[in-house]
Amino acid sequence: MSKYDTLNPQQKEAVFQCEGPMLILAGAGSGKTRVLTHRIAYMIETQGIKPWNILAITFTNKAAEEMRIRVDDLVGYGADQIWVSTFHSACVRILRRYINLIGYETTFTIYDGDDQKSVIKDVCKRLEIDTKSLKERTILGAISSAKDELISPEEFTRNAGSDFKMSKIAEAYVEYQKTLRKNNALDFDDLICKTVELFQRRPDVLEQYQERFRYIMVDEYQDTNTAQFELIHLLAGKYRNLCVVGDDDQSIYKFRGANIHNILDFEKYFKEAIVIKLEQNYRSTQNILDAANAVIRHNEERKEKALWTSKGAGEKLHFRQFDSAYEEAQFIAYDIKKKDRMGDATYGQCAVLYRTNAQSRLIEEQFVQENIPYNLVGGVNFYSRKEIKDILAYLKTLDNGRDDLAVKRIINVPKRGIGATTIAKVDNYALFEEISFYDALTAVDRIPGLGKSGAKLTAFVSEMENLKARAQVYSLRELFQQLLDITKYFDYLEETDEENAEDRIENIEELRNKLIAYEENAEEPTLSGFLEEVALVADIDSVEDGAEKVLLMTLHGAKGLEFEQVYLAGLEDGIFPSFMSMMEEDPTAIEEERRLAYVGITRAKEDLTITCARMRMLHGETQYNPVSRFVREIPEALIEGDEVPSQRRSTQSSYGSYGTYRETGSYRESGTYASKTYGGSSQSSLFLDDSMGNVRPTGGFGKSTTTTGVVKPKVTVKPKVTAAENKPFIAKGVGGLTKGSAFSTGSLEYAEGDRVSHIKFGAGTVRAIVKEPKDYKVTVEFDGAGTKIMYAAFAKLKKI
DNA sequence: CGTACTAGTCTTTTT
DNA sequence: GACTAGTACG
């Protein structure tokens, strides 16, 4: 009896084949981690492969940790010699050693999103880029995509050609990269592409790592971007022992540069590759799998596969549609509470998944009210809180004086009477002398025009130098305490932000705990080491296992996890799939959303409850959404609960609510199906048609539909709710739903032949205007985007 | 130089 | 609606 006997035939095939390239297409819940860990064990125990020749790469620290633990369990010895690491931390480790070969210092700092933002802001100011017409986030997005694709500033500039916007972005990219280098800093994307650059420029270094990592395994391969792909291929280039595991159906990070073709075309790059499909699912019931399969089948771009299980059909999926997002949240809280009370499930077995972080709030409120313990993943990252960033900026300043951003952040926090003008003067001097901001501070007497402020700067510097000196002799936790003492940071919090001071101090204590934990666990604890660890954590990494708490998180956050009881909330067209994806002409945008739906469904082991709301508030607007198309893609026979308007009806009827919806929906520019923006008089058929499901009596609106103790809110079918009935009712609203619904037909300010502008497509000429019962249909020939037909109410065209 | 108010933006997802 | 950055004023 060996540990390998429990594997199924496909898993065995994957485990026993250690040499050469291999693609494992591992469906959700098919035991891929098991395969990877067993494969590692097999290599070491029976193939005599040295542990230090093995590299296993994952995307999150949590996944890496989990794999490490399981490998430790399986392999008696030497497991600690295996590199089990995320892309980012593996690269940091390599760069800390060799980045000096490509012009950085090995003490580089890592910039997070906020840091990037301040840099780009500064860059825009210097280059006099008008951030109204070219947003910072647009520029950063472009830079990030460029790096994902390994496009250098120079190449980007060449590609930009004479295009005004692109060449502006190119300028910004050049300047941004210069600034980072000057600050001896790398952003997240740099970590990957600088490593690639290192390998490309220094074949000797590459070879050293090729020799070291003779056996490479990559998890979640479908999420790799071009830079990561290149990195892996360079490393595996010599021995070609590359085993990638992934599921094209779970590729959900396109926006982050993930290239689904990395997995779809693996066999093209490695012709000799062995391909193994793992289709037996050990996680979910047949009903859940059938639902998942039914949904994902609608995607064109995928490798055909179908999950199956030896488990029984199990419970049917549950579907509930509510009048408001408030009631939806209420139901979820009640339902989970009921399961707990009835002994059907514990809180720790439940998870609520949603598309956007904003949706968590209502659910959280209900959980608080019902005293349900929960854990929220995501949202405002712990490390991006003000007080945490301040303390970290201090630590960075002590660790690496070259990080200008960090120094500027804390030079006047707590207040030291050092203002913007003084900082600007020092900055100018630093720029002129080509030294760091902090170095300029140490040469105060040479900076002209400082006046009295000079003394304040000197005081700050000696404070820092004092601490730096102590850092040499004291432990990290002692240094932490002295930092707090010397800066009187807690006093500062209490003076400036009385209300939240307690929470903020608590957060700092939490940071202290992390630092202490690091100091105790690390082999050779250093300040740099701690800052690095902190820089590379994801939200999901800090989720405690075994806590009896309901988990609340986005669908993205849930990938790789599983729960007995899963609630998918907000399954509405416009929320999930998102407006953004519905507006894209490119059909792959919806396919990506569908994969996300597939990920969501397959998280459930026993029970899946899908909910949605007819009406919800989003950035201050009331919005009406029909049931998500993804729900309609699930066969009726698998679902119970409220009626799901069928897919067939929605696609075949030319006048049905979905037909209308889709037609107009695809032309929407931005915002919502808000009462505010929707023109026309047919809103009742658009939004509240009872064919979409059951419309509940308006009287129950906002009030508790769930009477005490009874968890199942009854749904009464009402023949039809007219807009007139519905309108005043929305205007009143409950729970913050106070915005009125000012429906307006909106007369057109333009005519045929006029020049108009559109937020997304830019300038164009109106070719035709056709009046339709509920709106004007406008044909516009755009200068840069071709001819589009759109509804006036949605297009928000401006005459120019 | 620091504070208080206003305007603008945001909300798709994140290592 | 909430948060943040920018501006005007003391």
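Remember, it's a predicted structure, so these values are computed and weren't measured experimentally.
Residue contacts shown for A:Phe255 include a base, since a base heavy atom lies under 4.0 Å away. At the heavy-atom level, A:Lys415 lies under 4.0 Å from the strands shown only through sugar-phosphate atoms. Counting any heavy atom pair closer than 4.0 Å across all strands shown, A:Thr422 reaches sugar-phosphate atoms only and no base atom. Within the nucleic acid shown, A:Asn61 has no heavy atom closer than 4.0 Å to any nucleic acid atom. Residue A:Asp189 is classed as having no contact, given no heavy-atom separation below 4.0 Å to the nucleic acid. Note on A:Arg137: only backbone sugar-phosphate atoms sit closer than 4.0 angstrom, heavy atoms only; bases stay farther off. As judged by a 4.0 angstrom heavy-atom cut-off over every strand, A:Glu593 is placed among the base-contacting residues.
Residues A:Arg594 and A:Asp249 are not paired through a salt bridge, judged by the lack of any N-O separation under 4.0 Å between the basic side chain and the carboxylate.
Interface remark: the A:Arg256 side chain does not form any donor-acceptor pair with the B:dT15 base, using a distance-only criterion of under 3.5 Å. On a pure distance criterion of 3.5 Å, a polar donor-acceptor pair joins the side chain of A:His88 and the base of B:dT15.
Contact check, A:Asn225 against B:dT15: no side-chain N or O comes under 4.0 Å of OP1 or OP2. Of the side-chain N and O atoms in A:Ser578, none sit less than 4.0 angstrom from OP1 or OP2 of B:dT13.
A donor-acceptor pair is defined here as one N or O able to donate and one able to accept, closer than 3.5 Å; such a pair exists between the side chain of A:Ser85 and the backbone of A:Ala90. Using modelled atom types, one side-chain atom of A:Tyr354 and one backbone atom of A:Met553 make a donor-acceptor pair closer than 3.5 Å.
Figure legend: cation-pi geometry between A:Arg256 and A:Tyr253, with NZ or CZ positioned under 6.0 Å from the six-membered ring centre and within 45° of its axis. A cation-pi geometry, defined here as NZ or CZ lying under 6.0 Å from the six-membered ring centre and within 45° of its normal, holds between A:Arg96 and A:Phe108. A:Lys408 forms a cation-pi arrangement with A:Phe437, by the criterion of a distance under 6.0 Å to the ring centre and an angle within 45° of the ring axis.
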Checklist entry - Along nucleotides 4-10 of chain C, 5' to 3', which nucleotides get a B, which get an S, and which get a -, given that the test is a protein heavy-atom distance under 4.0 Å? => result -SS----
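Along DNA chain B, the nucleotide nearest A:Ser581 and the nucleotide nearest A:Arg416 are compared for position; the residue whose nucleotide lies closer to the 5' end is A:Arg416.
Of the residues listed (A:Thr226, A:Thr195, A:Val218, A:Asn225), the one engaging A:Leu231 in a side-chain contact (heavy atoms from CB on, under 4.5 Å) is A:Thr195, and it is the only one.
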